[in-house]
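Remarks on the structure that follows.
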Amino acid sequence: MITVLGSTNLDLIGTVSRLPGPGETVPGGQFSTAAGGKGANQALAARRAGAQVRLFCAAGTDSFAADALRLLRADGVDLGGLKTFPGPTGIAMILVDGQGENVIAILPGANAAMGEAEAEAALSGMVGGDVLLLQQEIPQAATARGLALARAQGVTSILNTAPFLASTPELAKTASIVIANETEFALLADGSQDALEARMAAWAKAHGQTVIVTLGPDGARAATPTHSISVPAYPVDPVDTVGAGDTFCGYFAAGLDAGLDLEPAMRRAAVAASLACLTPGAQPAIPHAGQVDAAL
Ligand code: RIB
């Protein structure tokens, strides 16, 4: 059983031929909406990978809430930990360019109301060997409480450092496993000009944890206090990379939950993340286990 403590959003998506710079206006193409939010995306990815998943999250009282939760419900994510707060549901405003690259701004809405009480509810009853998956789109007080309780209860905690916050470096040290992209890891282990592999090994040894860095088309790399691993991506021509990192995190958590070792769990997650780049939108693009098996 995987427990996810995190955000849910409705994504408002516009396509553009190129991403605008500050102060610039560029002509756009299509507008669409899709369910998103890093917590919800990762929960759905773990579920589509085949895990039993509980999501502790918040939605608002606006008309966006139902759309934000639709795929979670359809795929059987346990939403017993859903709280409804008066006001808007979280929103992400996303622009995607012709190469599939994106920029995202998040307006937290109900996600901002998550706190220590929600973390305590999520950790209630969790025991050693269970998996807790967290990101950075709810208030840090909730994430910090979840990580502290996980450590005290012997739960394996996986912290995805997206989106990176000022307090992320301190918080990351308290997780069992950290998943960052290259930009986030540079912020996490700042100052050093060493090669990525050396910086990751130094971080893993210093904090006694496993750190994973996702590398887009180059797959992913992990360092533990004793060894390093690297796995390839699956070659694709991306149309939209939104949610690819979340797909990696959810599939990776599901792999660990199913008893896979670090390398096969990462290999499966990297292939799932590549496949998530083939379809527009975050949640609609998350592949099912059968598609990942076929690609593997
Ligand atoms: O990681 C992708 C997600 O980031 C989107 O679904 C959006 O909601 C933002 O949270």
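As the structure is a prediction and not an experimental result, all values here were calculated from the model. Scope of the values below: all heavy atoms of this structure, side chains included, with no hydrogens, waters or symmetry mates. Both ligands and their constituent atoms are indexed starting at 1 by order of listing. We number each residue from 1, following the sequence as shown.
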Checklist entry - For the atom pair CD1 (I104) and CG (L12), what is the distance rounded to the nearest 0.5 Å? => result 11.5 Å
Checklist entry - Taking N111 for the side chain and T8 for the main chain, is one N or O donor matched with an acceptor at less than 3.5 Å? => result yes
Checklist entry - Which of the atoms in ligand 1, numbered in the order shown and given with their element, are less than 4.0 Å from a heavy-atom of A92? => result 7 (C), 8 (O)
Item to check | Distance-minimising heavy-atom pair for D130 and G125 | outcome: OD2-O, 4.4 Å
Checklist entry - At a non-hydrogen distance cut-off of under 4.0 Å, which region of Q283 contacts ligand 1 (side chain, backbone, both, or neither)? => result neither
Checklist outcome for this item: min-distance protein heavy atom vs atom 4 (O) of ligand 1 -> K38 NZ, 3.1 Å
Checklist entry - What are the two closest heavy atoms between A253 and V131, and how far apart are they? => result CB-CG1, 4.3 Å
Checklist entry - Looking at A282, which atoms of ligand 1 are within less than 4.0 Å of one of its heavy atoms? => result 6 (O)
Item to check | T241 side chain vs G100 backbone, donor-acceptor pair below 3.5 Å | outcome: yes
Item to check | Contacting atoms of ligand 1, where contact means under 4.0 angstrom from a heavy atom of D246 | outcome: 1 (O), 2 (C), 3 (C)
Item to check | Numbered atoms of ligand 1 (with element) below 4.0 Å of E137, judged on heavy atoms | outcome: 4 (O), 9 (C), 10 (O)
Next on the checklist: As an exercise, state the distance from CG of L256 to CG of L262, rounded to the nearest 0.5 Å.
Outcome noted: 7.0 Å
Item to check | Short N or O distance, G37 and ligand 1, threshold 3.5 Å exclusive | outcome: yes
Next on the checklist: Counting non-hydrogen protein atoms only, what is the nearest one to atom 8 (O) of ligand 1? Give residue, atom name and distance.
Outcome noted: D11 OD1, 2.6 Å
Next on the checklist: Has D240 got a side-chain atom pairing as donor or acceptor with G281's backbone, closer than 3.5 angstrom?
Outcome noted: yes
Checklist entry - What protein heavy atom sits nearest atom 3 (C) of ligand 1, and how far away is it? => result N41 ND2, 3.6 Å
